[in-house]
Amino acid sequence: MKFKSQQFGYWFFASAMLLLVLQVLYGFIMGFAHMGYDNLHEWIPFNTARAVHTNLLVVWLLLGFMGSAYYIIPEEADREIYWPKLVMPQLISFLLVGVVAVGGYHVNWWEGRKFLEIPRPLDWLVVANVLLFLANVGMTIWNGKRFTTTSIVLYLGLLFAALLYLPGMIAFDNQTLDSFYRWWVVHLWVEGVWELIMGGMLCFLLIKLTGIDREVLEKWLYIIVGLTFLSGILGTGHHYYYIGTPSYWLWIGGVFSALEPVAFLGMAIYAIAVARKGERKHPNRIALQWTVGSAIVAFVGAGFLGLAHTLPQVNLWTHGTLVTAMHGHMAFWGAYAMINFAIIAYALPQMTGRKLWDQPSAMLAFWCSNIGMICMTGAFAVAGITQVNLERRMGLDFLRVQEELHVHFFGLILAACLFALGIGFFILNFIRHGTPNTEAIGMDVDGSISDEGEFATS
Amino acid sequence: MLSKRQARAFFLGGTFVFSAAFVGLTIDTHRHVPKQTNAHLITPEVVAGKKIWEDNNCMGCHTLFGEGAYYAPELTKTVERRGKAWLRIFLKDPEKMYPGRRKMVNYHFTDEEIEHVIAFFEWAGQVDLNGFPADPPLRDALAATSGVEYPEPLPLPVPAILETAACTGCHRVAGQGGDAGALIGAPPLDGVHLRKTRDELIQWISDPQAIKPGTAMPDLVPSVISDAQVIEIVDYLYSPAN
């Protein structure tokens, strides 16, 4: 790690881990409720648990992205953060908004729009906060010693993520239009600009961990994010099949969202090829494992499982069933949670000077969480397909079908225990690193690759 | 092989072209939505219902237009499926309708609020959703194998209360209702005189929980069905026996 201000990333990552733990806890509440054990109903009804579960996910992923930006941008721009004094207030105010929002969900204070439940007054605080973050990172790049594609792609992703938050704040009396613009935020985030952020982080990690020439990696980064937008923007149409919008969205959404896996496949092939080709073996193998793993699981979860129910002929039956939860869990885990874990696994030793990448906890974290998530996805898949067949195809009553699904939620909870164990190992390893210290500044913790720009592939 | 410059041009060019296409389609969608969604039917009551829907995060359990969470039923066609009378009873005290089963928060809606929520659902049910939700394609195949026979009409006229959602929301009687209820264990009422005595039936309707704790049959007497109506129902159902 070269610059002192990169250490700010640590506090973002630590906060993200805290929120992740809460997210998992609320996930268990929902799993048990689905199984028939809704003992917390009086205090935490399902809609509260659900809003907390998904919003904490968004907030901790954003914290991870912000932490990554504070870590990556100084290194890429070759200078300290422009306004270091503003970083911690930005983090704390962001967390405060998050805590107030989550607290509000427990007392029926929310907007009731899936994924964007944050009440309007808090929306404005989020906007102000993110503007502060973007200004700080932007000024760092602008006044930096060098411009790199990696930092530009990462920054563009963050900037567009902020801009695309705004359409979600327009109010309509028509539920259809409300929904239409809600997807501008949700879809264009996760199947659009967040992939830019992911691509930027992936590229940075691959440069650092494999020593392959930056020019080659960044060229492919452009191709991959180009493919993302080529398919992802009009792919928004797969949310417009059945909400009261014109029927041309059926084929536009169908065709373009069917192409969405191509970008994820590109990303997976890119990560695997680069990892195999890399000449300089960075000793932090677990960081590379998370990096490549992220690209592969993103392809399976977001790409393949998304494709499985994105065509309108299939989606007519799966729309609004647990099949969506199956795709959603593995997609978010692979694409966004794992890339955050990758950067944390890489950056922690750099920020603290402690090399804990060979510890059993690091390895167990990877395997338990991933196997757990694969099994969870399987449980959701079985529950979802059963629901589709009994309720949507045979016409049985909703509640009666849900009772048939209890057993699959028992399976889900078992798998989730393994997943949570993996998260526990990751956090244990995180804590063992201790906090950032000044000795780590200016020292490259692997000792072999000092400036990635000077290495070229043979 | 592609140069980095060309790769960048691909990214920027592609993004520009597809963003422009998306904006164009959005403008066109705005032109079609008012007609497709019957925007002229969005009355102040519908808007008030939508606000209740949002303020209580109903989407946190239910789906509407297939969007939301998967813990509670899809509500787009709920007015068509259940009828307004059933919804009025249900929304007053959701747990009463499904005792011992998955719970819904009781929001203690006023009668006015309930009408607003129903108005919102009624509007939603009329939106052209390109074929969603589809009719279950296997339902007829299942019905064909179950061999249900429709009974002869009974001698007495059907009491009005029996034809409301209070009864036909779950039970099939005189060839009406019961589509959903048959699947949660609510039996058809035609021919009930062959299975139960008259007194048993009166006791059962009046206080089902006392006879079978945890049954899905809600306590409807006297809040929805009066004692006199209970007798009217029973007289009707026992008319073939007399």
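The chains referred to below are lettered A, B, ... by the order of the sequence lines, with proteins before strands, and numbering in each begins at 1.
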Checklist entry - Which one, Ile42(B), Val33(B), Val105(B), Thr29(B), leads in non-hydrogen pairs under 4.5 Å with chain A? => result Thr29(B)

Checklist entry - On the ring face of Phe115(A), is Arg182(A) found with NZ or CZ under 6.0 Å from the centre and within 45° of the axis? => result no

Item to check | Residue among Thr48(A), Asp178(A), Thr149(A) with most heavy-atom pairs under 4.5 Å to chain B | outcome: Asp178(A)

Checklist entry - Ignoring hydrogens and geometry, is there a side-chain-to-backbone donor-acceptor pair from His327(A) to Val323(A) under 3.5 Å? => result no

Checklist entry - So, His238(A) side chain and Gly253(A) main chain: donor-acceptor pair closer than 3.5 Å or not? => result no

Item to check | Side chain, backbone, both or neither of Leu405(A) within contact of chain B (heavy atoms, under 4.5 Å) | outcome: neither

Checklist entry - Checking heavy atoms, do the side chain of Phe46(A), its backbone, both or neither come under 4.5 Å from chain B? => result both

Checklist entry - Where does Asp28(B) contact chain A at under 4.5 Å (heavy atoms): side chain, backbone, both or neither? => result both

Checklist outcome for this item: So, the part of Thr321(A) with a heavy atom under 4.5 Å from chain B: the answer is backbone

Item to check | Ring geometry between Tyr71(B) and His34(A) (parallel below 30°, tilted from 30 to 60°, perpendicular above 60°) | outcome: perpendicular

Item to check | Check: Lys84(B) side chain, Glu122(B) main-chain N or O, donor-acceptor pair, under 3.5 Å | outcome: no

Checklist outcome for this item: Under 4.5 Å to a heavy atom of chain B? For Leu227(A) that would be both

Next on the checklist: At a 4.5 Å cut-off on heavy atoms, which part of Lys50(B) comes close to chain A: side chain, backbone, both, or neither?
Outcome noted: side chain

Checklist entry - For Glu42(A), is it the side chain, the backbone, both, or neither that has a heavy atom closer than 4.5 Å to a heavy atom of chain B? => result neither

Checklist entry - For Phe256(A), is it the side chain, the backbone, both, or neither that has a heavy atom closer than 4.5 Å to a heavy atom of chain B? => result side chain

Checklist entry - Quick one: what part of Leu25(B) sits under 4.5 Å from any heavy atom of chain A, side chain, backbone, both or neither? => result both

Item to check | Option in Thr63(B), Asp128(B), Asp55(B) with maximal non-hydrogen atom pairs under 4.5 Å from chain A | outcome: Asp55(B)

Checklist entry - Most heavy-atom pairs under 4.5 angstrom with chain A, which of Ala72(B), Ser19(B), Ala39(B)? => result Ala72(B)

Next on the checklist: I'd like to verify something: which residue of Pro119(A), Gly112(A), Gly36(A) has the highest number of heavy-atom pairs under 4.5 Å with chain B?
Outcome noted: Gly112(A)

Checklist outcome for this item: Smallest heavy-atom separation, Pro312(A) atom then Gly254(A) atom, equals CD-CA, 4.0 Å

Checklist entry - Counting distance only, does the side-chain N/O of Tyr222(A) pair as donor-acceptor with the main-chain N or O of Arg5(B) below 3.5 Å? => result no

Checklist outcome for this item: Interface check, chain A: of Cys58(B), Pro133(B), Ser3(B), most non-hydrogen pairs under 4.5 Å belong to Ser3(B)

Item to check | Residue among Thr54(A), Thr324(A), Asn389(A) with most heavy-atom pairs under 4.5 Å to chain B | outcome: Thr324(A)

Checklist entry - Quick one: does Val388(A)'s side chain get under 4.5 Å of Arg393(A)'s, heavy atoms only? => result yes

Next on the checklist: Within the supplied structure, the quantity of interest is the number of heavy atoms (other residues, nucleotides, ligands) at a distance under 6.0 Å from Phe147(A) CZ; does it exceed 12?
Outcome noted: yes

Item to check | Close side-chain approach of Phe90(B) and Ile114(B), heavy atoms under 4.5 Å | outcome: no

Next on the checklist: Could you check whether Arg88(B) pairs with Glu115(B) (Lys NZ or Arg NE/NH1/NH2 to Asp/Glu carboxylate O, under 4.0 Å)?
Outcome noted: yes

Checklist entry - For Ala33(A), is it the side chain, the backbone, both or neither that has a heavy atom under 4.5 Å from a heavy atom of chain B? => result both

Next on the checklist: Looking at Asn106(B) and Asp93(B), would you say the former's side chain and the latter's main chain have a donor-acceptor pair under 3.5 Å?
Outcome noted: no

Checklist entry - Which bit of His41(A) is near chain B, if near means a heavy-atom gap under 4.5 Å: side chain, backbone, both or neither? => result side chain

Checklist outcome for this item: Applying a strict 4.5 Å limit to non-hydrogen atoms, the region of Ile252(A) in contact with chain B is side chain

Checklist entry - What part of Phe229(A) lies closer than 4.5 angstrom to a heavy atom of chain B: side chain, backbone, both or neither? => result both

Item to check | Per-residue contact mode, Glu215(A) against chain B (heavy atom under 4.5 angstrom) | outcome: both

Checklist outcome for this item: Residue from Ala69(B), Pro136(B), Gly14(B) scoring the most non-hydrogen pairs under 4.5 Å with chain A is Pro136(B)

Item to check | Which portion of Trp109(A) sits near chain B, non-hydrogen atoms under 4.5 angstrom | outcome: neither

Next on the checklist: Quick check: do Leu75(B) and Trp53(B) have side-chain heavy atoms less than 4.5 Å from each other?
Outcome noted: yes

